[in-house]
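First the structure, in the form of structure tokens, and then the observations on it.
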Amino acid sequence: MKTFIEQLINGLSLGSIYALIALGYTMVYGIMKLINFAHGDIYMVGAFTGFFASTYLHLGFVPSLLLAMLVSLILGVTIERVAYRPLRDKSKISILITAIGVSLLLENGGIILLTPQVRTYPQIFKQHMYSFFNGIITISNQQIVIFVVSIIMMVGLQLIIYKTKIGKAMRAVSTDADAAKLMGVNVDRTVSFTFAIGSALAAVAGVLVGIYYNSIDPLMGIMPGLKAFIAAVLGGIGIIPGAMVGGLLMGVIEALVSGYGSSLYRDGVSFAILIIILLIKPTGLFGKNVREKV
């Protein structure tokens, strides 16, 4: 029982990080019907920004987190305007190839500028362990921070989408971009804002991963980016609550596979989940089949 609870807590910590990255995938897809494969590399940039802010500028956790969000936000908006906006009216395959190209550019640019070596993340705050129910439940302050920050970000995103004017514009563009434009919605600004929010959330995930695992490298965004994409598909691509639930489920499944099986199997299990969900329910757990009139 103790082992199960420990793995469950580890899975929720990892799943919270997947959920933050998956939110960026699902938001961009909901607006543009585009899979932004460069999103995992924006997460890497956020992790390195937090690393340099805390190591060389000696900033605390919150200032480092905010700086990482700002840098990734600017990068996300720049990528959208330079790489994706000129191709918005072109074929989907052109945008997809461009997304892969931007991803490779960020990865190889990171290797050239930052070197491929693994960096040890600074200990922003000392690790403490807390035990409950006579040691049955053990949780670290790092895991608590991940839970709290992730919940704050997810709740904040929900408030932005459903309680603000720009959130209403995002939902309108997601439903019908042409109709929204006719009603006076600035589609370009709405798309840029979507990329900005998604990139900022990825940066938060990057900093949290650095604190939790104590190591980062220029290629760290590849596998988490793919798994966050699987989480978005699992929950229902384009559906924000689905991305949250999908991310948490992915983290828990991986932790249980590692704890009761072998860590060598967790990547394979993740991709097996993608195949199964595409075969059984392509719209995801929260998705619904939509009929189109022709």
Side-chain angles (χ1 to χ4, degrees), residues 1-26 39-40 43 47 121 127-151 153-154 201-202 204-216 220-237 239-287:
M1 185 65 181
K2 182 179 178 180
T3 302
F4 175 78
I5 293 176
E6 287 178 352
Q7 294 301 329
L8 184 62
I9 293 173
N10 292 335
L12 290 174
S13 301
L14 180 61
S16 298
I17 293 168
Y18 284 157
L20 289 175
I21 307 173
L23 285 170
Y25 276 113
T26 207
H39 192 62
Y43 147 89
Y121 224 78
Q127 184 175 6
H128 297 285
M129 302 299 295
Y130 302 97
S131 297
F132 304 94
F133 304 108
N134 295 323
I136 295 178
I137 297 176
T138 304
I139 187 170
S140 68
N141 58 335
Q142 294 177 345
Q143 291 172 322
I144 294 173
V145 168
I146 290 174
F147 291 145
V148 172
V149 172
S150 299
I151 290 171
M153 293 298 164
M154 292 176 190
L201 292 175
V204 174
V207 174
L208 293 178
V209 162
I211 293 172
Y212 193 50
Y213 292 106
N214 296 322
S215 63
I216 57 174
M220 64 179 285
I222 297 176
M223 192 56 68
L226 289 174
K227 290 181 179 179
F229 168 67
I230 295 172
V233 174
L234 175 62
I237 191 75
I239 302 171
I240 289 175
M244 297 178 187
V245 174
L248 294 174
L249 283 176
M250 282 291 298
V252 170
I253 291 170
E254 276 198 27
L256 293 177
V257 169
S258 299
Y260 290 97
S262 172
S263 59
L264 297 175
Y265 299 147
R266 64 180 189 179
D267 292 343
V269 169
S270 300
F271 291 105
I273 290 173
L274 176 62
I275 295 171
I276 292 170
I277 198 70
L278 290 176
L279 289 174
I280 297 176
K281 199 173 189 300
T283 56
L285 298 177
F286 285 70

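Predicted model, so just to flag it, every value in this text is computed and none were measured. Below, each value reflects all heavy atoms present in this structure, side chains not excepted, and no hydrogens, waters or symmetry copies.
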Handout entry: Gap separating the CG atom of L226 from the CG atom of L274, nearest 0.5 angstrom
Key = 9.5 Å
Practice task
Report the distance from atom CD1 of I253 to atom OG of S258, rounding to the nearest 0.5 Å.
Solution key: 11.5 Å
Problem - Nearest heavy atoms of I21 and A205, plus distance in Å - result: CG1-CB, 3.7 Å
Practice task
Test I273 against L249 for side-chain contact (heavy atoms from CB on, under 4.5 Å), laying out the working first.
Solution key: CA-CA 11 Å; I273 290 173; L249 283 176; over 6 Å; no
Practice task
For A243 and L23, work out which heavy atoms get closest and say how close.
Solution key: CB-CD2, 3.9 Å
Exercise for the section: Evaluate side-chain contact (heavy atoms from CB on, under 4.5 Å) for L256 paired with F4, printing each intermediate quantity in order. Expected result: CA-CA 8 Å; L256 293 177; F4 175 78; 4.0 Å; yes
Practice task
Measure the OH-CD1 distance between Y213 and I17 for me, rounded to the nearest 0.5 Å.
Solution key: 6.0 Å
Practice task
Could you tell me which non-hydrogen atom of V207 sits nearest to which non-hydrogen atom of Y121, and how far apart they are?
Solution key: CA-OH, 3.9 Å
Problem - From CG (L234) to CD1 (I276), nearest 0.5 Å - result: 10.5 Å
Exercise for the section: On the 0 to 90° scale, with breaks at 30° and 60°, tag the H39-Y25 ring pair as parallel, tilted or perpendicular. Expected result: perpendicular
Practice task
Report yes or no: does T26 contribute a side-chain atom to a donor-acceptor pair with the main-chain N or O of A22 at less than 3.5 Å?
Solution key: no
Practice task
Locate the shortest heavy-atom distance separating Y43 from P224; write the atom from each residue and the value.
Solution key: OH-CG, 3.8 Å
Completion exercise
Looking only at heavy atoms, the pair that brings S16 and F147 closest together is OG-CD2, 3.9 Å
Handout entry: From CD1 (I146) to CD1 (I139), nearest 0.5 Å
Key = 9.5 Å
Practice task
For the residue pair E254 and N10, confirm or rule out a side-chain donor-acceptor distance under 3.5 Å.
Solution key: no
Fill in the blank from the handout: Rounding to 0.5 Å, atoms CG (D267) and CD1 (I230) come to a distance of 9.0 Å
Completion exercise
Correct closest heavy-atom pair for Q142 and I211 would be NE2-O, 3.6 Å
Practice task
Please indicate whether Y265 has more than 12 foreign heavy atoms, meaning atoms of other residues, nucleotides or ligands, lying under 6.0 Å from its OH.
Solution key: no
